[in-house]
Each structure stands twice: as C-alpha cells, then as structure tokens.
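Everything on this sheet refers to the single structure shown next.
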Amino acid sequence: MNSAAFSEAFVRTVQPYAAWGVEQLETFNAFLPQGDWSADLDQCSYRQGGQELRISVLGTWDSRDGSWLWGWANPGFGNKPVAGAAHAVRRFGHEQQIPEFTNELVPLSGAPDPRMAAETLAFGAMSMLGAPGYIGAQASPEARVYFVPNDPNVPRAAPDPVKLPRMLMTGAGVFGGSEHQVVTGYFGRHGVELQQTQDGYSVVLPDGTPVSIRFDGQGRVTSIDAHFASAAGR
C-alpha cells in the first residue's frame, strides 16, 4: 500500500489506525476460510468456504477505467441497508472534508498500481470504521466488490507482545509519516493507556506484559521491548 494516489486529508485521518488495521485484517483473514463466495445483498449476507457473515458493502472497483464507486452511490443498492457502511464513510468524510470518502466516483487510474490503490481505499475505510476486516471479491472479470463484515462472530485482535513490533512497524510503513501517530492510534483503538517517558512510551498490555517503545530525535521508532516475566517468576 502507498499514499501516492490519496489526499493529505485521507492519509492524515487513516494513518493513526494503520497498525491496528494490519493486525485486525490478519486476524480476519485467518478466520475466513478460502473458497467460492456468494452474497445476498437484500439479506446483508455473505458466504465463503462454508462461513456465513453479515456484511455491508463499501464499494466496487472497475479495472477498465480504474475507478472506485462507493456503495452509497450505486443505483442497484445504494438506498438499501447493505450500503450502511458506505453511508457511514460518507458522513465521516463530510465531517473531516476527505474527498475520497465523499466523491461518488474515486479515480484511481493515475495511481502506480490502481488495484492496490483500491485495496488501500478499502483498508482506510475499514480502519476508520473500526470494522473487523474487509473482503475484496471478484464479481466479474473487470470488477471487484468490497465488503466489511458486521458480525459478532468475527474475532477481534488483541495486542500480542510477540507480534507487537511487527504490527507497529508494518503499520508505520503503510502510509509513512508520523510513527508517533501510528503507535498512539494503535493503542487508542485498543483502549490501552500509554504513559509518556523521556524518550517514548511505556504501556502494560491487556495480558499484563509491560512494553517500552522508544523514538529517536526524528520521531522514528528505535526499539519496542516487551518485558516478559521469567519462568521462575510466573
């Protein structure tokens, strides 16, 4: 993913949730089995590999012209409940003046990789909504449709001290920019309080593991240290 095709307002808004989004999407992809898919938009239902989920449509991407059409603007279902997530994105976009979330049609053909730009747009919408994942499904040879699950059966990721460095640094690389915002946004989305230190933050994860995160003078993360209890101390 990269930010080349997107406005400053889009990047600024979704960047803080990038690490959380990477973590949650990994959890969701491990949960959803591989297999053929089908959807009943009237019932807000999606089925793949024997797993059925309640979903909402975000939008569709057309490879012929590299454009993204938001679900709320689709004449086939834009006024139906299945477009609820897209309408939520639109409302937020108007509040924060984010053109990618408010324009009916988002041109992505000028991006270095239009298909990846569509994935980035879906990822940004998922992360902003706090949805537990997103699905990109091939609807035809030319078009993909993107959904977000709205189902209590989808697992929510929890901070893992072993995976934490990878999640934070992967999230920091999604859009670039402020690594401080990525770190604070990640823990904020998880509802975990950070304590500021002289050179960064300290935090206690929900499982009780203390973690120290340090930055250099340019705001870049230099270390993420989980202080695991020794076997004798457990």
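Just so you know, these numbers come straight off a predicted model, no measurement behind them.
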field: Positive for side-chain contact (heavy atoms from CB on, under 4.5 Å) with Val57, one of Phe147, Tyr46, Trp70, Trp72
entry: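 Of the listed options, the one satisfying the test is Phe147.
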Any chain of hydrophobic side-chain contacts (each under 4.5 Å) joining [X] to [Y]?
X	Y	answer
Tyr17	Met169	no
Met128	Leu108	yes
Trp20	Val182	no

With no hydrogens and no angle check, is any side-chain donor or acceptor of [X] less than 3.5 Å from a backbone partner on [Y]?
X	Y	value
Asn150	Arg54	no
Glu100	Leu121	no
Gln51	Pro33	no
Gln24	Pro155	yes
Arg214	Asp225	no
Trp37	Ala139	no
Ser63	Glu142	yes

message: Going by side-chain hydrogen bond (donor to acceptor under 3.5 Å, both in side chains), name the residues that satisfy it together with Asp65, two or more places apart in sequence or in a different chain.
response: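 Ser67.
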Determine whether [X] and [Y] make a side-chain contact, defined as any pair of heavy atoms from C-beta on separated by less than 4.5 Å.
X	Y	result
Val211	Phe187	no
Pro206	Pro159	yes
Leu194	Thr184	yes
Leu58	Leu129	yes
Trp61	Glu119	no
Val82	Asp42	no
Ile224	Val183	no

Which pair of non-hydrogen atoms, one from [X] and one from [Y], has the smallest distance, and what is that distance?
X	Y	result
Ser56	Pro81	OG-O, 4.4 Å
Pro149	Phe28	CG-CE1, 3.8 Å
Ala172	Glu179	CB-CG, 3.9 Å
His190	Ala157	CE1-O, 3.2 Å
Gly78	Ala83	O-CB, 3.8 Å
Arg47	Gly50	NH1-O, 3.5 Å

Spacing of [atom1] belonging to [X] relative to [atom2] belonging to [Y], to within rounding of 0.5 Å:
X	Y	atom1	atom2	result
Phe123	Leu25	CZ	CG	7.0 Å
Ile213	Leu168	CD1	CG	5.5 Å
Lys163	Asp160	NZ	CG	5.5 Å
Leu164	Glu23	CG	CD	8.0 Å
Ile135	Arg144	CD1	CZ	11.0 Å
Thr209	His227	OG1	NE2	10.0 Å

- prompt: When the ring planes of Tyr146 and Trp68 are compared, do they come out parallel, tilted or perpendicular, using 30° and 60° as the limits?
  reply: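 Taking Trp68 first and then Tyr146, their aromatic rings sit tilted (interplane angle of 30° to 60°).
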query: Mind checking whether Phe175 and Phe10 have parallel, tilted or perpendicular rings, split at 30° and 60°?
result: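 The arrangement is perpendicular - the two ring planes meet at more than 60°.
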field: Pairing residues for Phe215 by the ring-ring contact (aromatic ring centres under 6.0 Å, His included) criterion, not counting sequence neighbours
entry: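 Scan of Phe215 (ring-ring contact (aromatic ring centres under 6.0 Å, His included), adjacent residues dropped) gives His180, Tyr201.
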- prompt: Does Asn29 CG have over 12 foreign heavy atoms under 6.0 Å away?
  reply: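 Yes, the 6.0 Å shell around CG holds more than 12 heavy atoms from other groups.
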query: Take atom CG in Asp36; do more than 12 heavy atoms of anything else shown fall under 6.0 Å from it?
result: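 Counting other residues, nucleotides and ligands, CG of Asp36 stays at 12 neighbours or fewer.
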Listed pairs under 3.5 Å, donor-acceptor, residues 89-99 side chains, sequence neighbours left out:
none

Under-4.0 Å salt bridge between Glu26 and Arg166: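 Answer for the salt bridge query: yes.
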- request: Would you please say whether a donor-acceptor pair under 3.5 Å links the side chains of Glu52 and Ser45?
  value: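 The criterion, which ignores hydrogens and geometry beyond distance, is satisfied for Ser45 and Glu52.
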